[in-house]
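Worksheet: the structure to be examined is printed underneath.
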Amino acid sequence: MTTAERELGFGPAINEALRQEMRRDPTVIVMGEDVAGAAGRAHLGLVDAWGGPLRATRGLIQEFGPERVIDTPISEMAFVGAALGAAMTGLRPVVEIMFVDLIGVCYDQIINQAAKMHYMMGGQLEVPLLIRTTYGLRGDKRSYGGGAAAHHSQTLYAVLAHIPGLKVVVPSTAYNAKGLTIAAIRDNGPVVILEHRFLGLQAKGHVPEEPYTTPLGQAHVARPGSAVTLCGIGRTTHLCLEAADRLADEDIDAEVIDVLTLNPLDEATIVESVRRTHRLVIVDEDTPVASVARDIAARAADVAFEYLDAPVKTVTSVDAPVPFSAVLEAHYAPRVEQIVETVQAMVS
Amino acid sequence: MTSGDAERRLTGETLAWLYTTMSLIREFEERLKRLVEQGVPVGAVHYYTGQEAVAAGVCGALAPDDWIASTHRGHGHCIAKGVDVAAMMAELFGKATGTNRGKGGSMHVTDVTKGVLGVNPIVGAGVAHAVGAALSAKVRKTRQVAVAFFGDGAANIGTLHESLNMASIWQLPVIFVCENNGYAQATPAEYALSIKNVADRAAGYSMPGVIADGQDAIAVWEASQAAVERARSGGGPTLIECKTYRYYGHHQGDDPLRYRTIEEERLARERDCLLRFRERMRLTGPLTTVELDDIDRRTRGLIDEAVQFAKDSPLPSPDDLRTHVFVQDKAR
């Protein structure tokens with residue numbers, strides 16, 4: 001198989017990004033709970049027992065050793081804070097918070113410390129810290145029972161995107177996951193990347209073997225169109241693409257924008273699209289109140305109102321905690337048919 | 001070691017540095033207090049007055065490229081680590097020439113080139129940063145050590161306990177310095193602590209716990225010196241508890257007599273670190289009263305200049321409001 005044909009899944013693409021950056025720069029370290037697993041058991045021949053929730057860090061310890069691939073105790077306050085301290089003193093740490101639901105216990109280190117350090121110090125020092133975390137629920141593609149409920153399924157990126165100074169990134173494919181991860185590691189400020197746990201084969205695709213960057217702060221037009229703009233974030237980009245296919249059967253030509261970076265938001269790309277299509281639907285797996293979806297809607301209404309032929313619409317999760325039972329969860333998050341129906345109502 | 005052994009290693013130069021540092025901190029804080037009372041707007045400030053021996057004793061044992069992470073009561077730590085008092089005063093005045101260009105104020109005043117990782121008013125947060133700096137030193141093999149200053153209030157926050165555990169399992173070159181001044185804002189330490197001595201908690205994290213007299217710069221220096229040597233030689237972390245006292249309220253607007261007595265304050269001031277140092281020099285030398293007076297005169301001059309610099313400095317431009325929100329991209 002040639003490089004041009006090579007395909008990777010979401011987790012392996014992130015793994016390759018981490019591996020290549022660790023080879024390139026000896027100051028890059030990886031730390032978090034079970035980023036390797038079996039810590040201290042090498043004498044029994046047991047290493048690398050886990051590798052993170054997406055297995056994105058699996059195998060790194062064999063190449064880079066326990067000094068650079070550091071399993072932490074369950075101490076998010078201290079290890080996220082320590083990663084920040086290391087970022088302020090010459091390292092370029094990639095710290096993993098296993099589930100975004102866990103940011104509650106280390107929110108101070110993210111929003112008060114990492115996000116604001118550069119500003120509070122008047123620009124005295126750089127903070128090359130990458131926080132990787134996973135988010136999301138299984139959604140309507142599930143073939144078996146309930147998901148993980150309210151403490152292991154949340155989205156929560158709005159509470160990060162709200163904070164000045166923090167770049168917040170949500171990849172959707174193996175290709176952009178690799179490029180965004182490399183760009184985030186090389187960024188000299190704090191970045192949070194949220195990786196969806198259940199992208200599966202949707203995210204698999206061509207990933208070049210050589211290192212490359214996907215710029216932070218730039219949205220991607222995943223499908224060009226002329227009749228309506230659908231904005232997706234992470235997994236909902238795939239829902240938007242599926243909806244666009246169905247709408248095409250009805251001769252409705254939808255453009256799909258993959259937002260990719262929530263802060264700083266690429267407002268220009270979204271507004272440029274809306275000026276052409278005159279309609280905007282934002283599809284967001286997060287809950288609706290004070291959300292990124294409504295922020296995009298407000299910005300579009302503010303700067304492109306005269307171009308709009310219909311009110312901006314959002315399709316979001318229900319304003320409730322994530323439920324457990326499969327039937328409840330299936331009705332909780334955005335579904336393709338909701339997007340299709342929303343667009344049909346806008347164009348009719 | 002006995003204190004006699006340690007004292008023999010104390011050079012006259014070190015003793016002069018300890019006194020100069022304490023004198024400079026005292027003068028900075030006393031002058032600041034007068035300015036506040038005159039209505040100069042310097043924001044929220046937490047005077048370090050009374051605790052000078054801790055900052056001086058600890059930082060006197062450090063190398064210039066060692067790191068410290070400080071607390072909301074951080075002026076003393078910054079001064080002891082060598083941060084320019086004029087730039088500090090300008091920062092408190094909110095001036096463009098301040099250490100943080102007027103974006104930080106008292107609770108963030110910092111100069112990273114002097115090894116100060118930040119003054120931090122989120123109690124306990126900076127402790128984790130010191131652990132990270134120690135991890136960085138270990139990974140980069142630089143032989144630097146890091147100090148985490150925290151108070152008796154932070155002794156009860158989770159970040160500290162997580163940090164103590166991590167520093168221990170990774171044997172990091174970090175020194176945890178508890179400044180037990182008796183009060184977390186208006187809450188007495190004996191109420192909030194489940195244990196009499198914070199130092200005793202070190203046992204739970206398999207590291208030495210040392211109690212030092214926080215009103216005695218030489219005692220603090222001695223304890224710090226041993227901990228620094230241990231950390232630098234790969235021996236891992238130490239917890240030092242310095243028993244000390246803050247002379248004023250929690251911040252400039254706080255009346256401490258609502259939660260403590262005048263008698264307690266009077267007794268604490270009898271143990272004043274500067275007076276005790278002078279008494280010790282009078283008995284043992286080598287510094288003479290004339291030399292110590294001369295140091296005080298020079299520190300007053302430095303603070304005069306600092307206040308004048310702060311007053312004369314320009315205010316930041318509103319154009320600076322959104323600079324430094326994100327770290328600007330540049331090629332790596």
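All heavy atoms count here, side chains included; hydrogens, waters and symmetry mates do not. Throughout, a chain's letter reflects where its sequence line sits, starting with A, and its residues are numbered from 1.
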I need the Thr213(A) OG1 to Ile185(A) CD1 distance, nearest 0.5 Å. 11.5 Å

Against chain A, label [X] side chain, backbone, both or neither, depending on which of its atoms sit under 4.5 Å from a heavy atom there.
X: Thr142(B); value: neither
X: Asn165(B); value: side chain
X: Leu164(B); value: neither

Could you tell me whether Arg23(A) and Glu63(A) have a side-chain N and a carboxylate O separated by less than 4.0 Å? yes

Will you find, in the side chains of [X] and [Y], an N or O donor that is under 3.5 Å from an N or O acceptor?
X: Asn188(A); Y: Gln328(B); value: no
X: Gln144(B); Y: Asp66(B); value: no
X: His251(B); Y: Tyr47(B); value: no
X: Arg73(B); Y: Ser106(B); value: no

Does any heavy atom of chain B fall under 4.5 Å from the side chain of [X], the backbone, both, or neither of them?
X: Leu216(A); result: neither
X: Pro26(A); result: neither
X: Gln109(A); result: side chain

Among the listed options [options], the residue most often paired with chain B at heavy-atom distances under 4.5 Å:
options: Ala115(A), Gly85(A), Ala87(A), Pro73(A); value: Gly85(A)
options: Gly90(A), Pro164(A), Pro93(A); value: Gly90(A)
options: Cys106(A), Gly165(A), Gly189(A); value: Gly165(A)
options: Lys116(A), Gln113(A), Glu76(A), Met88(A); value: Gln113(A)

Shorter than 4.5 Å, heavy atoms on both sides: which option in [options] has the most such pairs with chain A?
options: Val119(B), Val112(B), Val127(B); value: Val112(B)
options: Thr110(B), Val131(B), Val109(B); value: Thr110(B)
options: Arg101(B), Arg322(B), Lys138(B), Lys103(B); value: Lys103(B)
options: Thr113(B), Ile169(B), Thr99(B); value: Thr99(B)

Taking everything shown except Lys114(B) itself, do over 12 heavy atoms lie less than 6.0 Å from its NZ? no

What is the minimum heavy-atom distance between Asn120(B) and Ala125(B), and which atoms define it? OD1-CB, 4.0 Å

Cation-pi check for Phe93(B) against Lys311(B): NZ or CZ below 6.0 Å from the six-membered ring centre and within 45 degrees of the axis, yes or no? no

